[in-house]
Amino acid sequence: MPIAYEEVDNLVRLPFKFFKRSNYAPKAPTHWHTGIEIDYLVSGEDFKVVIAGQTHHYNSGDIWAIDRSQIHAATGHKDRSYYVMGLIIDNNFFANCKNKLNTYHNIW
């Protein structure tokens, strides 16, 4: 199974990509990206997400995170519908925050 690199286009002037997918079934192909992904299952039951080879099952109301560069995929039951919302946060955002915090820390 090929593993695709996902090029993430952030929103203009914001350090993340926001997405929502309704009727998100049954599959998101195996892929990876450099940003950290945080997902929320608004509705749906037994949504399967494979992260770095480990299978996780999520239900309505669950939140999960996928670390940067982790290979992952999602699969739902073909006869069910899912509504997923998520953020993919730009990898450079955290480095910039750390630099700014260090600057503020040095002021005090």
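Just so you know, residue 1 is the first one in the sequence shown, and it goes up from there.
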Just distance, no hydrogens or angles: give the donor-acceptor pairs under 3.5 Å from side chains in residues 44-56, sequence neighbours left out.
{"from": "Asp46", "atom 1": "OD1", "to": "His57", "atom 2": "ND1", "distance (Å)": "2.7"}
{"from": "Asp46", "atom 1": "OD2", "to": "His77", "atom 2": "NE2", "distance (Å)": "2.8"}

Working for side chain to side chain contact (heavy atoms under 4.5 Å, CB included), residues Ile38 and Ile63: CA-CA 7 Å; Ile38 301 170; Ile63 297 173; 4.1 Å; yes
Full working for side chain to side chain contact (heavy atoms under 4.5 Å, CB included) between Ile71 and Thr30: CA-CA 7 Å; Ile71 296 169; Thr30 303; 3.4 Å; yes
Ile36 and Asn91, any side-chain heavy atoms less than 4.5 Å apart: no
Shortest non-hydrogen contact between Gln70 and Trp32, atoms and distance: O-CB, 3.6 Å
Residue pair Arg68 / Thr34: nearest heavy atoms and the distance that separates them: CB-O, 2.9 Å
Atom pair CD1 (Ile66) and NE2 (His33), whose distance is rounded to the nearest 0.5 Å: 6.0 Å
Spatial distance of atom CD1 (Ile88) from atom NZ (Lys17) [nearest 0.5 Å]: 5.0 Å
Spacing of His72 atom NE2 and Ile3 atom CD1 [to the nearest 0.5 Å]: 11.0 Å
Euclidean distance, Ser43 OG relative to Arg80 CZ, rounded to 0.5 Å: 12.0 Å
Chi angles and distances behind the side chain to side chain contact (heavy atoms under 4.5 Å, CB included) call for Tyr83, Leu41: CA-CA 6 Å; Tyr83 181 21; Leu41 186 58; 5.9 Å; no
